[in-house]
Every structure is written in C-alpha cells, then in structure tokens.
There are 2 protein chains.
Amino acid sequence: MKSQFGEKIRTLREKQNLYLRQVAPLLEMDTAQLSKIEKGMRQLKREQIPIIAEILKASSDELMTLWLADQIYAVVKDEKMANEAMQVAEKNINQTKRKK
Amino acid sequence: MKSQFGEKIRTLREKQNLYLRQVAPLLEMDTAQLSKIEKGMRQLKREQIPIIAEILKASSDELMTLWLADQIYAVVKDEKMANEAMQVAEKNINQTKRKK
DNA sequence: TATTGACTTGTCAAATATTGGCAAATATAA
DNA sequence: TTATATTTGCCAATATTTGACAAGTCAATA
C-alpha cells in the first residue's frame with residue numbers, strides 16, 4: 001500500500017486529461033514535486049487539498065480523508081500494536097467530539 | 001484529551017514512588033524533558049519505550065499502544081474527516097497484514 | 001535511430017520542525 | 001525561610017521535510 005491520496009489524484013488528473021505540467025503550476029510547484037506526491041514520496045500540504053480538489057473537480061472531503069488516512073498509516077505501518085492503537089485513538093476522537 | 005502515554009507513565013512512576021530526577025537520567029534526559037513528556041508537550045522517542053517500560057515495570061506493548069495512539073490522535077484531532085480517515089487507514093493496515 | 005514530450009529520480013541546500021539543555025519560576029512541605 | 005520536586009520559557013542544536021534543478025527513463029513517432 002503506497003499512497004491512497006497520491007493514487008487518487010493521479011487517477012483524477014488522468015480522467016481530466018491533464019498533464020503534470022498543467023496542474024503543478026496551479027499548486028505553485030514543479031512537475032517533479034507533483035509526480036512525487038502522486039507516487040507517495042512527498043506529502044501535499046494540508047492546506048492545498050481544497051485547491052487540488054477544485055482543480056480536479058473532486059470532493060475536498062474525500063481527498064482529505066485519503067490524505068489523513070495516509071498520515072495515519074505512516075504512523076502505524078509495521079507496528080505490531082497498530083490495531084490496538086487505532087482502537088484507543090478512535091475512542092479518544094469520539095470522546096473529544098462528545099465534549100464539544 | 002492530552003497524552004494517554006504521558007498520563008500513563010506519570011501514574012506508573014508515582015506508583016513506584018520515583019521522582020523525575022531518578023527516572024530521567026535512565027533515559028538520558030533531564031527532568032524538564034521528562035516532565036514535558038509526561039504532560040504531552042514532547043514525545044518520547046519510539047525506541048525508548050521498551051526502556052521506560054522496564055524502568056516502570058510496565059508492559060512495553062501497552063505503552064507502545066498508548067504512544068502510537070497519541071501519534072494518531074495528533075494527526076486527526078480537530079479534523080472533520082477523522083473517523084472516515086480512521087476507517088480507511090484501518091482497512092489499509094489489515095490489507096498489508098494479510099499480504100505478509 | 002533521433003526527437004519530442006511526459007514523467008521520474010537523485011541530489012543538495014534551504015526552510016521547518018523538533019529536541020536538548022539550561023535557568024528561572026512555581027508549588028508544596030517543613 | 002529553606003529544601004525539594006516539578007514546570008515553564010527560551011534558544012541553540014539537531015533532525016526532518018521541502019523546493020528547485022538537472023539528468024534520467026520511457027513511449028510514441030517522424
């Protein structure tokens with residue numbers, strides 16, 4: 001499993017028949033960087049997600065979900081206690097929510 | 001929710017009637033740092049978890065779980081798509097496991 | 001096979017983020 | 001007050017991530 005987010009934006013970009021060189025400048029980066037992002041070798045900045053969502057006519061929430069999932073995965077990948085940690089974290093999230 | 005890991009090691013330390021100044025040197029840090037770690041203002045290094053587990057006579061797996069949960073929480077805290085992201089990440093973890 | 005265009009990869013300095021260490025502050029008890 | 005334990009603030013040191021560029025691969029095709 002590489003990068004769900006990267007794979008997704010690549011697919012979306014290809015569906016729109018856009019080249020890296022067309023999309024990259026809209027995100028103020030060069031094609032090399034965007035290529036790495038699509039391959040999961042770099043992370044897009046969180047605040048750029050709404051921007052790329054608009055460029056690719058995709059749901060910002062969906063892209064954000066994949067982007068966050070990649071971040072989480074990076075933390076627990078190869079960890080023996082991954083599932084247990086996820087359970088604990090999930091509990092914390094929901095507790096925080098309830099408090100608001 | 002601050003730091004599950006920090007709260008846990010503080011509780012364990014107090015149960016053993018140990019002072020920061022006694023534990024910190026065993027982790028090659030000063031009391032200020034350990035204090036911050038217990039309060040969730042700093043992260044213990046991943047590789048030090050087995051060490052502190054031994055010092056505090058606790059389960060390394062349990063501490064690792066809490067430590068990882070803190071890292072995950074840091075990623076998704078305040079994120080609208082937190083729960084969705086957790087679901088996606090969990091799926092990825094289990095897929096990776098199956099492949100091994 | 002030479003050229004072109006799209007994409008990829010490697011490197012490295014610059015920008016960011018995190019940590020370590022110290023000193024001073026606070027807190028509590030005697 | 002003094003002593004001890006812990007906390008906080010600061011900033012330099014260290015580590016990590018990013019940006020930019022050059023050179024590389026690959027596929028299509030003239």
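For the numbers below, each heavy atom of this structure counts, side chains included, while hydrogens, waters and symmetry mates do not.
A distance-only check finds no donor-acceptor pair linking the side chain of B/E38 to the backbone of B/S35 [under 3.5 Å]. At distances below 3.5 Å, at least one donor-acceptor pair connects side-chain atoms of B/Q71 with backbone N or O atoms of B/W67.
Atom pair B/Y19:OH and C/dA29:P shows a separation of 12 Å (rounding to whole Å applied). Per the geometry, CD belonging to B/Q48 stands 12 Å off C1' belonging to C/dG20, to the nearest Å. If you take CG of B/L20 and P of C/dT26, they are 19 Å apart, rounded to a whole angstrom. Summarising the geometry, the separation between CD on B/E47 and P on C/dT19 is reported as 11 Å, rounded to the nearest angstrom. Atom CD in B/Q22 sits roughly 11 Å away from atom C1' in D/dA5 (whole-Å rounding). Between the CZ atom of B/R42 and the C1' atom of D/dA15 there is a distance of 13 Å, rounded to whole Å. As a whole-Å value, the separation of B/M41 CE from C/dA17 P is 18 Å. Going from atom CD1 of A/I37 over to atom P of D/dT18 covers 8 Å, rounded to whole Å.
Using a 4.0 Å cut-off, some side-chain N or O of A/R13 falls inside it from OP1 or OP2 of C/dC7. For the pair A/Q43 and D/dT18, the criterion of a side-chain N or O lying under 4.0 Å from OP1 or OP2 is not met. Side-chain N/O atoms of A/K45 include none lying less than 4.0 angstrom from OP1 or OP2 on D/dT17.
In this model, no side-chain donor or acceptor of A/R21 finds a partner on the base of C/dG5 within 3.5 Å. Checked by distance alone, B/K36 brings a side-chain donor or acceptor within 3.5 Å of a matching partner on the base of C/dG21.
Each of B/D30 and B/L44 was assigned the nucleotide of DNA chain C with the nearest heavy atom; the assignment lying further toward the 5' end belongs to B/L44.
Here B/K39 does not pair with B/E7 in a salt bridge; the nearest charged N to carboxylate O distance is not below 4.0 Å. Between B/R46 and A/E79 there is a salt bridge, since a side-chain N of the basic residue sits under 4.0 Å from a carboxylate O of the acidic one.
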*Could you check B/Q43 against B/I37 for side-chain contact (heavy atoms from CB on, under 4.5 Å), going step by step and ending with a plain yes or no?*
CA-CA 6 Å; B/Q43 300 309 122; B/I37 289 167; over 6 Å; no

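Closest contact between the side chain of A/Q33 and the listed nucleotides D/dA20, D/dT7, C/dT8 involves D/dA20.
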